[in-house]
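See below for the structure under consideration.
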Amino acid sequence: MKSTWSDVLILTLISVCPFHTWGQPTTKVNEQIISAISKFRAEYCASMLEAKTDRLQRYYSDTLRLMPPFQKTVLGKINASSYYNAFTDRFMIHTCTLKEVEVLDLGPQVLEIGVMTMRMTLKSTGKEFDIAGKYLNLWVKTINNEPRLLTQAWNFDQYYADLHDHLRFENVPSVLIALQPNIPVTNDIQFELAALNRLLDATITNHDGKTWSLYYCDDGKLMASYYPMNVGRKAIDDYIQMHVKELPTFEELDIRNDRIDELGNYIVEYASHIASWKNGNRSGVGLGKNIRIWRREPNHALKLFRSISMYD
């Protein structure tokens, strides 16, 4: 009998999922780490208000990855300072709030998720913007419990038509991650994620919301662009069913990754996509980037636990 793609995917996942018992990991974070992250949130907002963002350097890891919306990925702590200096040169920040939603222990790393608001003025025109959004930070643990910021990503809860072009800073050293080499498949985790991504290519191209929803665990959080945070099974299902109706026709879609951090029960995947699309008489090529945190479930399935997406 001829094999189907779904048959191949099932055999792939069975072959790479180890059959032993996976317990739910401890998610309580060391109080010293909690305090350090809280201090960063306060100092982040203060530095934006005062346009003195260089003082955030002491919180950064040397390999910091900054993933802003409408800007290519910024790599390294020095380039991150260049981004924030360019941002505060272009905008005057009047108010800034970061509110924690959760901080979870992922083993070697700590996950922080929250919501943000900012009121700011574009200096060149005097136009004021009130923005709301959400963020995902990943911190790497250190021996002395002083975490260093490994990754910083955020997006907005709605589309701000007059703002987005002003969020591109051409003079800031940055990289189009979607055009970088994909991770070669050399181990079981890379093999499993490659299979899941190939199915996701077809799922999104076919506007198949039912299959797309199956990627998420029941207690997942989906942090999509132009929409508030979706928490839990029903909210995620409702959002995906709505979103697939908005999608254009995809002539080609390539979902890829350039980095995978294996953290035991959790896997952090740095993903991106290249989408060739058409919508009526309009067409184009879109690029974007994601952080996807997968969790191994008790039945050995790999499910999306937390995810955030940004357009380049």
How would you list all residue pairs meeting salt bridge (charged side-chain N to carboxylate O under 4.0 Å, His left out) that involve residues 32-41, not counting sequence neighbours? Arg41-Glu100, Arg41-Glu112
Qualifying side chain to side chain donor-acceptor pair (under 3.5 Å) pairs, either residue in residues 271-281, two or more places apart: Glu251-Ser276
Run the ring pair (Phe, Tyr, Trp, His ring centres under 6.0 Å) test against Phe87 and tell me which residues pass, sequence neighbours left out. Phe91
Results of side-chain hydrogen bond (donor to acceptor under 3.5 Å, both in side chains) for Tyr60 - residues two or more places apart only: none
Under a single-linkage rule joining Ile, Leu, Val, Met, Phe, Trp and Tyr whose side-chain heavy atoms are separated by less than 4.5 Å, which residues share a cluster with Val285? Leu176, Leu179, Ile274, Leu287
In chain order, what residues pass the side-chain hydrogen bond (donor to acceptor under 3.5 Å, both in side chains) check against Ser82, with sequence neighbours excluded? none
Test of understanding: with side chain to side chain contact (heavy atoms under 4.5 Å, CB included), list the residues that count as partners of Asp54, not counting sequence neighbours. Ser81, Asn85
With ILVMFWY side chains joined below 4.5 Å, transitively, what does Ile78's cluster contain besides itself? none
Name the atoms and distances for all side-chain donor-acceptor pairs under 3.5 Å in residues 156-163, with sequence neighbours left out.
{"residue": "Asp157", "atom": "OD1", "partner": "Lys134", "partner atom": "NZ", "Å": "2.9"}
{"residue": "Tyr160", "atom": "OH", "partner": "Ala132", "partner atom": "N", "Å": "3.0"}

Taking only residues two or more places apart in sequence, or in another chain, which ones meet Trp139 in a ring pair (Phe, Tyr, Trp, His ring centres under 6.0 Å)? Phe40
Check: residues 166-175 side-chain donor-acceptor pairs under 3.5 Å, at least two apart:
{"residue": "Arg168", "atom": "NH1", "partner": "Asp165", "partner atom": "OD1", "Å": "3.1"}
{"residue": "Ser174", "atom": "OG", "partner": "Gln71", "partner atom": "NE2", "Å": "3.3"}
{"residue": "Ser174", "atom": "OG", "partner": "Val172", "partner atom": "O", "Å": "3.1"}

Side chain to side chain donor-acceptor pair (under 3.5 Å) pairs, two or more places apart, involving residues 223-238: Ser213-Asp237, Asp218-Arg233, Arg233-Asp237, Lys234-Asp238
